[in-house]
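Shown next, in structure tokens, is the structure this report addresses.
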Amino acid sequence: MNDVLKRVSEIGIIPVIAIEDASKAVPLAKALVAGGLPAAEVTFRTAAAEDAIRAIAKEVPDMLLGAGTVLTIDQADRAMAAGVSFIVAPGYDPKVTQHVIDKGCIMVPGTATPGEMQQAMNQGCEVLKFFPAEANGGVAMLKNIGAALKTASWMCTGGVNTKNLMDYLSYEQISAVGGTWMVKKDLIEGEKWDEITAISKDAVKTMLGFSLAHVGVNCGSAEEAEKVAKALCALFGLEYKAGNSSNFAGKAVECMKKPDARGTNGHIAIGTNSVDRAIYHLGRQGVEFIEESRVLDAKGKTKAIYIKGEIGGFAIHLMQK
Ligand code: 3PG
């Protein structure tokens with residue numbers, strides 16, 4: 001996948017901004033970055049869009065910037081000149097789409113029917129906007145379409161918010177969601193930057209959905225690992241499950257057979273809705289990962305990976321829920 005679209009998918013949530021006053025663009029972008037969302041689709045629904053894009057591109061270069069509501073070739077040209085990495089539209093216009101592709105930029109056209117989707121895909125669009133998502137049948141509709149258009153990938157906007165974003169992101173053909181819920185007009189006009197940061201953080205937290213998966217105990221030998229796991233099973237009526245490198249007591253405790261298992265005391269496995277998104281978002285906070293510990297699924301998505309270092313004598317790994 002193209003690098004820009006890969007990053008869209010890793011960030012997972014793209015704020016859709018309509019800004020009336022370009023002087024508010026930079027603090028707004030910084031509030032989103034602080035909330036864990038270094039991305040924005042700045043819509044050409046306001047006259048300030050172009051200046052806002054230019055200001056963010058200059059002052060907040062880490063931000064992945066797109067232009068939204070791009071209806072004409074002229075708007076597409078202005079957006080690209082102002083510094084966007086991708087262009088979004090509410091509908092599918094083959095001429096505007098071709099122009100953006102010819103200029104070497106990413107076009108994410110708005111689509112709502114299999115006919116539009118098929119045409120846009122055949123024109124070379126890797127990700128399609130599904131808009132307005134909720135009004136068009138939401139994820140249930142996309143699952144029906146996706147059964148036929150197996151290589152389609154969607155960014156869903158329109159009626160998406162923190163409450164339903166996981167309905168969308170749980171479906172593997174959806175690469176990202178977008179929306180205005182963290183950048184509402186009154187929040188921008190009132191310069192409620194802290195509130196924008198808090199709503200963004202809450203959305204990222206919901207998307208990643210971290211929770212304890214299991215604790216790994218270093219037992220030092222196969223015999224000890226069996227003894228410890230069986231003792232826990234006997235006490236609490238847990239199911240005993242023998243494995244190659246460890247034995248499980250229920251799902252909560254993994255008893256490691258090898259003396260050199262990762263972590264001085266053992267490991268803590270943290271489940272997440274998306275390991276790849278978690279790697280991206282934790283990586284932004286300076287967390288580093290042990291590349292050789294990465295386990296991929298058949299489709300190339302990361303199923304598990306260890307974080308570098310220990311916390312409280314425990315190695316930490318992420319795992320797909
Ligand atoms: C868009 O252009 O993507 C939508 O206006 C966003 O929809 P929302 O306001 O329902 O989030």
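Below, all heavy atoms of this structure are taken into account, side chains as well, without hydrogens, waters or symmetry copies. Start at 1 and go down the list; that is how both ligands and their atoms are numbered.
A salt bridge is absent between R7 and D3: the closest approach of a Lys/Arg side-chain nitrogen to an acidic carboxylate oxygen does not fall below 4.0 angstrom. With respect to K24 and D21, a salt bridge is recorded, a charged nitrogen being found less than 4.0 Å from a carboxylate O. For the pair E50 and R78, the salt-bridge criterion is met [side-chain N within less than 4.0 Å of a carboxylate O]. A salt bridge links R294 to D276: one of the charged nitrogens lies within less than 4.0 Å of a carboxylate oxygen.
Contact annotation for M182 and ligand 1: no heavy atom of the residue comes within less than 4.0 Å of the ligand. At a heavy-atom distance under 4.0 Å, only side-chain atoms of K129, from C-beta outward, approach ligand 1.
The atoms of ligand 1 that sit less than 4.0 Å from any heavy atom of G159 are 8 (P), 10 (O). If you number the atoms of ligand 1 from 1 as listed, the ones under 4.0 Å from a heavy atom of T157 come out as 1 (C), 3 (O). Near G158, the atoms of ligand 1 lying under 4.0 angstrom from a non-hydrogen atom of the residue are 6 (C), 7 (O), 10 (O). Listed by atom number, the atoms of ligand 1 under 4.0 Å from G179 heavy atoms are 11 (O).
Regarding atom 2 (O) of ligand 1, its nearest protein heavy-atom neighbour is R45 NH2, 2.3 Å. Of the protein's non-hydrogen atoms, F131 CE1, 3.6 Å is the one closest to atom 4 (C) of ligand 1. Looking at atom 8 (P) of ligand 1, its nearest protein heavy atom turns out to be T180 OG1, 3.4 Å.
Cluster partners of V253 are V217, V228, L232, L235, F236, L238, counting Ile, Leu, Val, Met, Phe, Trp and Tyr whose side-chain heavy atoms approach within less than 4.5 Å, directly or via other members.
Ring orientation note: the planes of H267 and H317 are tilted relative to one another, at an angle of 30° to 60°.
Among residues two or more places apart in sequence or in another chain, the side chain to side chain contact (heavy atoms under 4.5 Å, CB included) test is passed with D51 by A22, R54.
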